[in-house]
Amino acid sequence: AVGMLVPCKFDPQVQPMSTIFYAFEEYCRELLATGNDALIASVRADVLRGLGTGRDNLTLVSLIPTLGRLLGIADAAAHQNEEGTAEAFNRIVYSLRVFVRCIAGPDHPVIVYFDDLQWADLSALDLIAMLVTDPETQSLLFLGAYRDNESNQDLEETLKDVAEAKIPVTKIHLGELDWAAVNDLVADTLHLSPHLTQSLSTNLHAKTRGNPLFVVQLLKSLYDDRLLLYSASSRRWEWDIDAIRAEGIADNAVDLMLAMMRSHSEEVQWVLRVASCLGSRFDERTIKLLYLSIGDDPDGVEVYLRALVDDGLLLPDGDSFKFAHDQIWEASYALT
């Protein structure tokens, strides 16, 4: 069996319904990129069998262009003028439900991962509920993640509806790290025995309250401030716990990362500001194009992006980049 993951990450900068269709656009691209002719032919046949070659098919292709390549349909532009009508929306919902049914099977299981559901609006949540509760889907697993402290009434109602539809649901609550987990993380990072890192871990846990992102970023900050140093003579990491206790530490991860970002050059900060306005994910070509408005050497953008990747703020993602964490995106946007 050849399984595939369809990540759908909601973003306050991007229209939620567009995010869902972009996720399946990426699925089609990755499927074609596998070069697995047998799998591609099987999915193509199943989708054509489910949707046919009529209006429903063309409606979906107008929203998922790469699906047209997958199915051999060149142009669906004629149906785009229907967007915005109730009939068109209902057709879109129906077409996507059929499409999702068709792409997953015993030989091709699919996982659809909805991340940051707290930023999905009611229309997107209704569509997700329809997909999750569709009794005709098989070999398909839905995962959802959201910040429970930022949940909204629409999301809570949607989760309630899914549960009432007798869909098996497993809930996993991810809380903050306790002291022992922080100590394990620090010991593993510094390649030291856990009993040697207890004083540092106690201080980090007290300052971060166990926020995993904050712990990692604070360790980096201590290294940058030369409060955490590698000793060539003792061949291990060392720190001055009294100096760390006396150090003024930001109250949260966003403030800490803002301080880190402001330590970079103005050009690097410019890249972060512009990238954050494009959403949680962006491509290098767009940044280079926009950089021409302030500089004459767009190739320098590659150096700035590499510095941000090395700092753990960005992650390469195929031909694009994405922020390593939502709070990093938020801190970058706060620079504006």
Side-chain angles (χ1 to χ4, degrees), residues 5 7 9 111 113 115-116 118 141 143-151 170-264 272 280 306-317 321-332 334:
L5 172 67
K9 181 177 177 62
I111 297 174
Y113 174 41
D115 194 11
D116 285 320
Q118 75 275 0
L141 173 66
L143 301 178
Y146 64 97
R147 302 179 192 172
D148 52 6
N149 63 330
E150 296 183 20
S151 179
T170 300
K171 291 187 176 181
I172 302 174
H173 181 263
L174 299 178
E176 308 292 12
L177 301 178
D178 59 20
W179 176 86
V182 170
N183 193 43
D184 287 341
L185 173 61
V186 173
D188 186 61
T189 302
L190 303 182
H191 300 287
L192 291 172
S193 170
H195 81 271
L196 294 176
T197 58
Q198 289 182 8
S199 64
L200 178 59
S201 299
T202 297
N203 190 267
L204 289 177
H205 187 264
K207 291 181 181 295
T208 65
R209 295 182 292 277
N211 181 310
L213 175 66
F214 202 0
V215 171
V216 173
Q217 295 298 329
L218 184 51
L219 273 174
K220 291 180 180 179
S221 177
L222 294 177
Y223 171 77
D224 291 339
D225 294 340
R226 301 185 62 78
L227 296 174
L228 178 63
L229 298 168
Y230 186 79
S231 171
S233 58
S234 62
R235 302 177 71 178
R236 52 156 285 185
W237 289 94
E238 296 181 346
W239 54 90
D240 183 341
I241 194 64
D242 292 330
I244 291 175
R245 288 195 184 108
E247 181 75 4
I249 302 297
D251 291 332
N252 56 62
V254 172
D255 289 342
L256 177 63
M257 286 180 289
L258 272 172
M260 292 177 59
M261 292 169 182
R262 287 174 176 140
S263 68
H264 282 287
L272 279 172
S280 61
R306 176 51 54 190
L308 294 169
V309 170
D310 292 343
D311 217 15
L313 300 176
L314 298 180
L315 296 174
D317 186 22
F321 291 87
K322 61 183 180 181
F323 287 95
H325 193 279
D326 294 335
Q327 288 183 301
I328 295 176
W329 173 84
E330 290 173 4
S332 300

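- Counting only heavy atoms from C-beta outward, the side chains of Trp237 and Leu200 never approach each other to under 4.5 Å.
- Looking at heavy atoms from C-beta onward, Leu222 lies in side-chain contact with Leu204 at the 4.5 angstrom threshold.
- Put simply, the side chain of Leu314 reaches to within 4.5 Å of the side chain of Phe323, judged on heavy atoms.
- In this structure, His325 NE2 and Glu330 CD are separated by 9.0 Å, a value rounded to the nearest 0.5 Å.
- Heavy atoms only, all atoms of each residue included: Pro194 and Ala187 are closest at CA-CB, 3.8 Å.
- In terms of the side chain to side chain contact (heavy atoms under 4.5 Å, CB included) criterion, Ser263 has no residue partners (sequence neighbours excluded).
- Under a 3.5 Å cut-off, the side chain of Tyr223 and the backbone N or O of Leu229 do not form any donor-acceptor pair.
- Although no hydrogens or angles enter the test, the distance criterion places no donor-acceptor pair under 3.5 Å between the side chain of Ser221 and the main chain of Gln217.
- When Leu218, Val216, Leu213, Leu177 are each tested for a side chain to side chain contact (heavy atoms under 4.5 Å, CB included) with Thr208, only one passes: Leu218.
- The pair Lys220-Asp311 does not meet the salt-bridge criterion, since no charged nitrogen lies less than 4.0 angstrom from a carboxylate oxygen.
- Here the closest non-hydrogen pair linking Leu272 and Ser332 is CD2-OG, 3.5 Å.
- Rounding to the nearest 0.5 angstrom, the gap separating the OG1 atom in Thr197 from the CG atom in Asn183 is 3.5 Å.
- Here the shortest heavy-atom pairing between Tyr113 and Leu5 reads CB-CD1, 4.0 Å.
- A donor-acceptor pair shorter than 3.5 Å cannot be found between the side chains of Trp179 and Ser201.
- Legend: residues meeting side chain to side chain donor-acceptor pair (under 3.5 Å) with Ser280, ordered by chain and number and at least two apart, are Asp11.
- Qualifying side chain to side chain donor-acceptor pair (under 3.5 Å) partners for Asp240, counting only residues two or more places apart in sequence or in other chains: none.
- No side-chain heavy atom of Tyr230 sits under 4.5 Å from any side-chain heavy atom of Glu238.
- Atom CG of Leu192 sits about 12.0 Å away from atom CD of Gln198, to the nearest 0.5 Å.
- Residues forming a side chain to side chain donor-acceptor pair (under 3.5 Å) with His195 (at least two apart in sequence, or on another chain): Ser193.
- Residues Arg245 and Lys207 come closest through the heavy atom pair O-NZ, 3.9 Å.
- Shown here for Leu227 and Ala243, the closest heavy-atom pair between the two residues is CD2-CB, 4.0 Å.
- Between Gln118 and Arg147, the shortest heavy-atom contact is OE1-N, 3.2 Å.
- Checked against side chain to side chain donor-acceptor pair (under 3.5 Å), Asp188 has no partners two or more places apart in sequence or in another chain.
- Evaluation of the side chain to side chain contact (heavy atoms under 4.5 Å, CB included) rule for Ala180 yields Asp178 as partners, not counting sequence neighbours.
- Between atom OG1 of residue Thr189 and atom CG of residue Asp184 there is a gap of 10.5 Å, rounded to the nearest 0.5 Å.
- Counting heavy atoms from C-beta outward, Pro316 and Val309 have side chains that approach closer than 4.5 Å.
- Counting heavy atoms from C-beta on, the side chains of Leu219 and Leu185 never come closer than 4.5 Å.
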